[in-house]
Amino acid sequence: MPTTKKRRLKPQEKTAILMILPAFFYILIFTVYSYSQAFYLAFVKYKLVEPQTIGKFIGLTNFIDVIGATYFMDTIYETFVFTFMCTFVIVILGVGVSILLNEKFKGVGFVRFVILIPWALPPTAAGLIWRLMLYGSGWINRFAIMLGILKEPIVFLGMGRMNQLLYALIAQMWQQLPFASILLMAAHQLIPKDLLDAAKVDGASWVKRLRHVTFPYIRNVVALVAIWEAIVAFTSYDILYTFSGGVWGIITYYAFAEGFSWMNLGHAAALSVIIAIFILIMIGMVLLVIPPKKIYEYSFVE
Amino acid sequence: MKNQKIINTVRMVIIYLCSAILVFFALFPIITCYIGSITPETELRSEPTKPIWVKGPTFYYYEYIFGAPFGMKFTTDPYLRYEAVRALVFTNVDYTLQILINSFIVAAGVAFINVLLGGITAYTFTRLRFPGSTGIFTFILLSRLLPPIIIAVPYYAICYALGITNTLFSLLLVHGVITLPFTIWYLTLYYRTIPVEIEESALVDGCSYFQAFRKIAFPTASSGLMAAGLFAFMLSYNDLLFAQFLEEKIDVLTIPLFIAFLSTQTDLYFAIEYAVLSLTFIPVILMLILLWKKLNITELVGALKM
């Protein structure tokens, strides 16, 4: 706490601290409570169906149970595959879309607005829509047959888990691409105009301008978007839940299922601690790209 | 000169083609929902050899959703008439309106918390210096990056112990905390763009800092505050995880939870799913239109200057 400093506070500082206290405490209580409680729950027995044993300290048993569970290794593998694919596809396409939307042409405002719509819709809806699209009698088959591309409908949803993950990726991309492109688009506007014009006058080709002028300027934002998308994909839950009809998902799904369907909050907490460790590693990577001092400075100090 | 003209034309063609693909990719799934919601179920389930356009548009499914709560009964759908058992699955669809209202209550409450607390906090961070501000600001920002599941499990445990699961209040409280960091970050960026002179003159005239905030900064930032509120509204309106932990009873469900619930029902009418989806999109798209007018993209991402 700032008040622990020995020197007397100026009245202005007192007001400032009073004004931020409500929000700060609100967030602090939730964060500190959640973290300590999640750690506590991860080390005790907490089965809602056995109320008499709740709170009994059992050491690392929850972690051992969770890691030894039949789903764990497959899920970790699928989570990493999903995260990697999502990040890769969204960043590549996001850069492409941001380049397109930075061109000046009639109707660019409309396109910018329209691509944001999927981002605003609930992720649950994105998952369900794409499942309905991919059904045997769904719209993709219908459309392809109408255009004469397909003779027989393809049963997309009857394929193996990896294929399902790939289709879920389409839904995830549909949802997340707009946000990534808008961030990258803003990054493009940080490039000094004179620099691009100078390169153009000097006869640099489009590809060369992209490589040597645009990319160095947007590199940091690309890294940031990549890490952000990786975090989003890693903790992706809503889209996969509705896409699979609540039957499977990646790691967050199992944390939910352990806690809610199987009524074992100890296991759920152990899994969420494991998830948090992975996320903290990713946050560490964010901080490598932008040190905390810079977050503060760039956020409001001129 | 002529060469340049050809290059320009080709460039334009490529740009419009890519834009068209992009717009199609973004809009096609949404349009199919609206088409699907007015297509008879028999058509949706039939072999997909038929053309894509609607045969015999029907508003039966909307009539069902809006009419059923008032005890109206329609049997214009032949599929339904022959398989009366399926109607049992429909009973929960009666609650669509109630659920939309629930979602609205929670999301509006969250927006209110965000505008009020976020407004004050962001103002303080922008205008006043005080010991520990860097640490507190970074802490608030980074608290958003943590996975929601680690908040959800302990929060469920405490709500269960207190007996406040299945209330909208418990949901509102936790949505407030997950949306607030983004609001504070966005509003600090916003306040920075507002000139400080008017407030300074108010301070010289003897206003306190809180009065300067309440009488001058708060009203002048109204458009930024509204954008922040809309953002918070959308985040809350779209959240599934917390709702799924906290709400079980049908009369306190929120929209994402209801969609998740529909998705787990394997023998539900596709047309009903489409109709519910179509209805839930309307408020979000309206929000987005409002937000789009308020939002200056460069301003929002000004923090990325590095």
Side-chain angles (χ1 to χ4, degrees), chain A residues 2 5 13 15-17 19-20 22-24 27 30-31 34 37-38 100 103 105 111 113-115 118 120-122 124-125 128-129 133 137 139 141-143 145-146 153 186-187 189-190 220-221 235 237-238 241-242 245-246 252 255 259 265 268-269 272 275-276 279 283 292 296 298-300, chain B residues 15 18-19 22-23 26-27 29 32-33 45 48-49 51-52 117 120-121 124-126 128 130-132 134 136-138 140-141 143 145 147 149-151 153-154 157 177 180 188 192 209 234 238 240-241 245 255-256 259-260 263-264 270 277 281 284-285 288 292 297-298 301 303-306:
Chain A
K5 289 205 172 172
E13 288 171 346
T15 323
I17 289 167
M19 276 160 81
I20 63 147
F24 177 62
I27 296 172
F30 262 81
T31 324
S34 308
Q37 191 70 4
L100 175 74
E103 297 288 333
F105 59 94
V111 179
F113 175 73
V114 161
I115 65 151
L121 300 181
T124 40
L128 186 55
I129 290 173
M133 295 270 290
S137 59
W139 297 101
N141 279 322
R142 223 165 258 271
F143 208 59
I145 288 173
M146 190 183 83
Q189 284 161 10
L190 305 176
N220 278 348
V221 183
T235 53
Y237 170 67
D238 327 24
Y241 188 89
T242 45
T252 309
L265 287 185
S272 52
I275 296 170
I279 297 294
I283 294 178
Y296 181 77
Y298 287 128
S299 292
F300 51 87
Chain B
I15 283 175
C18 291
S19 304
L22 210 59
V23 169
L27 285 189
T32 58
C33 282
R45 296 260 179 183
T49 44
I52 194 162
L117 281 182
I120 296 175
T121 314
T124 316
F125 276 124
T126 340
L128 300 170
F130 56 96
T134 319
I136 294 175
F137 188 72
T138 316
I140 288 177
L141 274 194
S143 69
L145 286 174
I149 183 78
I150 203 160
I151 299 183
V153 176
V177 95
L180 208 49
T188 43
R192 204 176 61 175
Y209 276 99
M234 285 200 316
N238 291 349
L240 171 67
L241 189 66
F245 265 101
I255 278 297
I259 295 173
S263 81
T264 56
F270 288 159
L277 284 175
F281 293 167
V284 195
I285 293 174
L288 193 64
W292 187 247
I297 293 163
T298 36
V301 201
L304 295 171
K305 276 185 191 141
M306 61 187 89

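Note that the structure is a prediction, hence the values are computed from the model and not measured. The chains referred to below are lettered A, B, ... by the order of the sequence lines, with proteins before strands, and numbering in each begins at 1.
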Rounded to the nearest 0.5 Å, how far does [atom2] of [Y] lie from [atom1] of [X]?
| X | Y | atom1 | atom2 | result |
| --- | --- | --- | --- | --- |
| A/Tyr241 | B/Leu241 | OH | CG | 11.0 Å |
| B/Leu180 | A/Phe30 | CG | CZ | 11.0 Å |
| A/Asp238 | B/Asn238 | CG | CG | 8.5 Å |

Name the member of [options] that forms the most heavy-atom pairs with chain B at distances under 4.5 Å.
| options | result |
| --- | --- |
| A/Pro118, A/Ala120, A/Ala38 | A/Ala120 |
| A/Ile115, A/Ile275, A/Thr235, A/Ile129 | A/Ile129 |
| A/Leu121, A/Val111, A/Thr252 | A/Leu121 |

- If we only count heavy atoms from C-beta on, is the A/Pro22 to B/Ile120 side-chain gap below 4.5 Å? no
- Query: Which atoms of A/Leu265 come close to chain B, meaning under 4.5 Å heavy atom to heavy atom: side chain ones, backbone ones, both, or neither?
  - Reply: both
- A/Phe105, part contacting chain B, at a heavy-atom distance under 4.5 Å: both
Just give me the residue among [options] that pairs up with chain A most often, heavy atom to heavy atom, under 4.5 Å.
| options | answer |
| --- | --- |
| B/Val23, B/Ile150, B/Leu117, B/Thr264 | B/Ile150 |
| B/Ile151, B/Ile255, B/Leu288, B/Val177 | B/Val177 |
| B/Val284, B/Ile285, B/Leu27 | B/Val284 |

Looking only at heavy atoms, which two atoms of [X] and [Y] are closest? And how far apart?
| X | Y | value |
| --- | --- | --- |
| A/Ser272 | B/Val153 | OG-CG2, 4.3 Å |
| A/Met19 | B/Thr121 | O-OG1, 4.4 Å |
| A/Ile27 | B/Ser143 | CG2-OG, 3.6 Å |
| B/Pro29 | A/Met133 | CA-SD, 4.0 Å |
| B/Ser263 | A/Leu128 | CB-CD1, 3.7 Å |
| B/Pro147 | A/Ala276 | CG-CA, 3.9 Å |

- Query: Checking heavy atoms, do the side chain of B/Leu277, its backbone, both or neither come under 4.5 Å from chain A?
  - Reply: side chain
- What part of B/Cys18 lies closer than 4.5 angstrom to a heavy atom of chain A: side chain, backbone, both or neither? both
